[in-house]
Amino acid sequence: MESLSGNESVAEVMVKLRSDDQLRLTKGALLTIVERYLDGRLTVDELQQLGDLLEFDPIEYVDESPSGVVAQVVFEMATPEANGPIDRNAALRWRELLR
């Protein structure tokens, strides 16, 4: 099982999802993705695309907290139409949840 680092591009995650291996997403990797957006290294569209990809079944969420924050943040990233727009305020809130 391969762990995502959080530094992958949308295309790199797509390639990894096409492999037969199951992927693992940790809080730390998801935090890296959110921080890349906050630093201007990811656009809103890229962040939403990553959220969409991270909702796929072959990805195992590794979350040390009982609240399931990794699944919550991925869901919010992937569905802004249901959870409000992806913007700096949302990303700052996600960063606090993931810390």
Side-chain angles (χ1 to χ4, degrees):
M1 183 177 299
E2 181 180 357
S3 291
L4 295 169
S5 70
N7 289 306
E8 295 87 358
S9 67
V10 171
E12 289 170 328
V13 172
M14 288 176 73
V15 167
K16 289 181 180 194
L17 283 170
R18 288 187 190 122
S19 73
D20 291 333
D21 292 337
Q22 186 175 15
L23 297 176
R24 180 180 299 142
L25 178 67
T26 64
K27 277 176 50 173
L30 188 54
L31 179 59
T32 297
I33 291 169
V34 171
E35 288 178 339
R36 286 173 53 208
Y37 168 74
L38 288 169
D39 293 344
R41 294 179 283 150
L42 286 176
T43 65
V44 169
D45 289 340
E46 290 169 322
L47 188 62
Q48 184 177 356
Q49 288 173 3
L50 284 169
D52 287 340
L53 292 171
L54 296 174
E55 280 194 310
F56 275 90
D57 282 338
I59 296 183
E60 174 189 342
Y61 300 148
V62 179
D63 190 347
E64 304 83 24
S65 67
S67 64
V69 70
V70 171
Q72 175 188 341
V73 171
V74 168
F75 176 71
E76 289 181 19
M77 284 172 49
T79 55
E81 61 280 354
N83 296 295
I86 295 175
D87 58 16
R88 184 163 182 81
N89 289 333
L92 289 170
R93 185 173 52 77
W94 296 335
R95 182 171 66 184
E96 288 307 310
L97 288 170
L98 292 165
R99 284 189 170 166

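Remember, it's a predicted structure, so these values are computed and weren't measured experimentally.
- Across P80 and M77, no two heavy atoms sit closer than the pair CD-O, 3.8 Å.
- Residue V44 is grouped with residue L38 when hydrophobic side chains (ILVMFWY) are merged at heavy-atom distances under 4.5 angstrom, including chains of intermediate members.
- A salt bridge is absent between R36 and E46; no separation between the charged side-chain nitrogens and carboxylate oxygens falls under 4.0 Å.
- Cluster membership for F75 and V69, using ILVMFWY side-chain heavy atoms within less than 4.5 angstrom, is not shared.
- Distance check: D87 CG to Y37 OH gives 6.0 Å after rounding to the nearest 0.5 Å.
- The heavy-atom pair separating A78 from Q48 by the smallest distance is O-NE2, 3.8 Å.
- Side-chain contact between I86 and W94 is present, with at least one heavy-atom pair separated by less than 4.5 Å.
- The CE atom of M1 sits 11.0 Å away from atom CD1 of I59, with the distance rounded to the nearest 0.5 Å.
- Salt bridge absent: R93 and E96 never bring a charged side-chain N and a carboxylate O closer than 4.0 Å.
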Without placing hydrogens or testing angles, list every side-chain donor-acceptor pair under 3.5 Å for residues 24-35, not counting sequence neighbours.
{"from": "T26", "atom 1": "OG1", "to": "G28", "atom 2": "N", "distance (Å)": "3.4"}
{"from": "T26", "atom 1": "OG1", "to": "A29", "atom 2": "N", "distance (Å)": "3.1"}
{"from": "T32", "atom 1": "OG1", "to": "G28", "atom 2": "O", "distance (Å)": "3.0"}

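- Separation of atoms CG (L54) and CD (Q49) is listed at 11.5 Å; rounding is to 0.5 Å.
- Contact detail for P85 and A90: the closest heavy-atom pair is O-CB, 3.8 Å.
- Atom CG of residue L23 and atom NZ of residue K16 lie 7.0 Å apart, to the nearest 0.5 angstrom.
- N83 meets the side chain to side chain donor-acceptor pair (under 3.5 Å) test with T79; sequence neighbours excluded.
- Annotation: side chain to side chain donor-acceptor pair (under 3.5 Å) contacts of D39 (sequence neighbours excluded): R41.
- L50 and V62 fall into different hydrophobic clusters, defined by Ile, Leu, Val, Met, Phe, Trp and Tyr side-chain heavy atoms under 4.5 Å apart, directly or through other members.
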